[in-house]
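Take a look at the structure set out below.
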Amino acid sequence: MAKSPKLETAQELYDLFADEEKLKAYSYTQPVDTPEGFNNETFYLDLPYEEIKAIVEQKRDELMAKIPEEERPTLVWEHVGSTSIKGMPGTKFPDALLILPSFPPSKNVIQAFLDCGYYFSQSSHLDTRDLWFFFVFTEGILKYHKLTVHVTLEDNKAGKILRATRDMCRSEQWAFDDYKNAKVEAARAIEAGGFMDYKKGKGSNSKLLQMLREKYA
């Protein structure tokens, strides 16, 4: 997929989100300028859960503050992914969901992301109504890492799997152990220089994720 130009206005993005074919073809990535010798794809066995949780909540509050008050009750923000599960190893790339009442997101929501320093990267290849907004941290414990906010609808399959994975790992020990072991095994791919192999490996090695994919197929 060829790199697309960065879209920097709410109107440009709103028009893109309303055109499914153009949205499928769009892909923009903003490189993170890391110092020599620094690897932001490091896998941690002891992620600072409370600190990352507080940062994600701060980003939620900052975004919501930019959205008109009457629109806020229609939106749901949820911290998901490994950083939302206490004791789960992983990388310092937090994930969140912003669940919309309808698609595409309003211009107010899009403008709020832009005002808070996010950029739109692409939609999921599995569902164009799963929009990926990135925020690059420039300070603190997440410096040189990205927060991914999946902007989508309640019935999005990936969103359901993310929430169910978090909830089951928090409440059922077998689910936590299964996902943790799959991630630790897959992390060996990072050491070999393959971050995408890690992403694929944790999905294929986890019985929990396989079960949830079948459930929400």
Side-chain angles (χ1 to χ4, degrees), residues 1-14 16-17 23 26-44 46-67 75 77-85 88-100 104-105 107-125 130-152 158-159 162 166 183 187 190 193-199 202:
M1 183 181 288
K3 183 176 179 179
S4 305
K6 183 179 183 180
L7 299 182
E8 302 189 67
T9 70
Q11 186 64 56
E12 288 176 318
L13 287 168
Y14 185 84
L16 176 68
F17 301 155
L23 181 55
Y26 184 88
S27 178
Y28 172 82
T29 300
Q30 190 168 298
V32 179
D33 187 18
T34 57
E36 185 176 351
F38 182 86
N39 180 12
N40 64 358
E41 295 176 351
T42 298
F43 183 85
Y44 297 88
D46 54 346
L47 283 171
Y49 168 77
E50 294 294 345
E51 292 90 335
I52 294 177
K53 178 175 178 283
I55 291 169
V56 173
E57 289 174 350
Q58 179 186 9
K59 301 312 295 180
R60 174 200 64 198
D61 294 346
E62 289 174 358
L63 182 73
M64 290 298 181
K66 296 286 187 180
I67 296 170
L75 304 167
W77 172 289
E78 293 199 29
H79 185 190
V80 292
S82 298
T83 61
S84 71
I85 305 165
M88 185 63 67
T91 60
K92 287 184 177 179
F93 291 106
D95 290 272
L97 288 172
L98 185 70
I99 301 172
L100 305 168
K107 292 176 189 175
N108 288 329
V109 169
I110 298 169
Q111 189 62 53
F113 274 108
L114 296 176
D115 289 345
C116 289
Y118 292 78
Y119 70 89
F120 174 67
S121 177
Q122 65 185 79
S123 62
S124 168
H125 67 280
D130 180 0
L131 307 173
W132 297 353
F133 280 83
F134 289 142
F135 178 87
V136 180
F137 292 96
T138 57
E139 60 184 10
I141 63 169
L142 297 182
K143 189 174 183 178
Y144 306 124
H145 295 82
K146 294 179 181 180
L147 164 65
T148 303
V149 182
H150 304 260
V151 180
T152 189
L162 282 167
R166 176 200 62 197
K183 286 170 65 66
I190 298 181
F195 189 69
M196 291 310 298
D197 289 339
Y198 159 71
K199 302 283 280 186
K202 67 177 181 178

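Quick caveat, the model's predicted, so the values are computed rather than measured.
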Residue pair Asp95, Leu162: steps toward the side chain to side chain contact (heavy atoms under 4.5 Å, CB included) verdict: CA-CA 9 Å; Asp95 290 272; Leu162 282 167; 5.6 Å; no
Leu63/Leu98 under side chain to side chain contact (heavy atoms under 4.5 Å, CB included): CA gap, chis, key distance, verdict: CA-CA 10 Å; Leu63 182 73; Leu98 185 70; 4.3 Å; yes
Run Leu75 and Trp77 through side chain to side chain contact (heavy atoms under 4.5 Å, CB included) and show every step you take. CA-CA 7 Å; Leu75 304 167; Trp77 172 289; over 6 Å; no
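A cation-pi arrangement is not found for Lys183 relative to Phe43, the charged atom failing to lie both closer than 6.0 Å to the ring centre and inside a 45° cone about the ring normal.
Between Tyr118 and Phe120, the ring center distance fails the sub-6.0 Å criterion.
Ring geometry, Phe113 versus Phe133: the interplanar angle falls under 30°, so the pair is classed parallel (tilted spans 30 to 60°). A perpendicular orientation is assigned to the rings of Phe135 and Phe137, their planes being inclined by more than 60° (bins at 30° and 60°).
For Tyr49, there are no ring pair (Phe, Tyr, Trp, His ring centres under 6.0 Å) partners two or more places apart in sequence or in a different chain. Residues forming a ring pair (Phe, Tyr, Trp, His ring centres under 6.0 Å) with Tyr144 (at least two apart in sequence, or on another chain): Phe38. Listed by chain and residue number, Glu57 satisfy the salt bridge (Lys or Arg N to Asp or Glu O under 4.0 Å) test with Lys53 (two or more places apart in sequence, or in another chain). Listed by chain and residue number, Glu62 satisfy the salt bridge (Lys or Arg N to Asp or Glu O under 4.0 Å) test with Lys59 (two or more places apart in sequence, or in another chain). Residues that satisfy the salt bridge (Lys or Arg N to Asp or Glu O under 4.0 Å) test with Glu51, not counting sequence neighbours, are absent from this structure. The salt bridge (Lys or Arg N to Asp or Glu O under 4.0 Å) test applied to Glu50 returns Lys86, not counting sequence neighbours.
The backbone N or O of Tyr28 sits less than 3.5 Å from a side-chain atom of Ser121, completing a donor-acceptor pair. Of the possible donor and acceptor atoms, one in the side chain of Arg166 sits under 3.5 Å from a partner among the backbone N and O of His79.
The shortest distance between side-chain heavy atoms of Phe134 and Gln30 does not fall below 4.5 Å.
Note that the CG atom of Leu114 and the CD atom of Glu8 stand 8.5 Å from one another [nearest 0.5 Å]. In this structure, OG1 in Thr9 is found 9.0 Å from CD1 in Ile110, a value given to the nearest 0.5 Å. Taken from CD1 in Ile55 to CD1 in Ile141, the straight-line distance is 4.0 Å, to the nearest 0.5 Å. Atom CE of Met64 sits about 10.5 Å away from atom SG of Cys116, to the nearest 0.5 Å. Atom OG1 of Thr34 and atom NE2 of His145 lie 9.5 Å apart (nearest 0.5 Å). Here Lys146 contributes atom NZ and Phe93 contributes atom CZ; the two are 7.5 Å apart, rounded to the nearest 0.5 Å.
Gln111 and Lys66 form no side-chain donor-acceptor contact under 3.5 Å, judged by distance and modelled atom types alone.
More than 12 heavy atoms of other residues, nucleotides or ligands lie within 6.0 Å of CG in Asp61, so this atom counts as buried by the packing criterion.
Across all their heavy atoms, Leu131 and Ser123 have their closest contact at CD2-CB, 4.1 Å. Taking both residues in full, the closest heavy atoms of Ile99 and Glu78 are given as CD1-OE2, 4.3 Å, listed atom of the first, atom of the second, then distance. The shortest heavy-atom contact between Pro105 and Phe17 is CG-CD1, 3.8 Å. When all heavy atoms of Val149 and Leu97 are compared, the closest pair comes out as CG1-C, 4.5 Å. Closest approach of Asp130 to Ala158, counting heavy atoms only: OD2-CB, 4.0 Å. Summarising the geometry of Pro94 relative to Leu142, their closest heavy-atom pair is CG-CD1, 3.7 Å, with the distance given to 0.1 Å.
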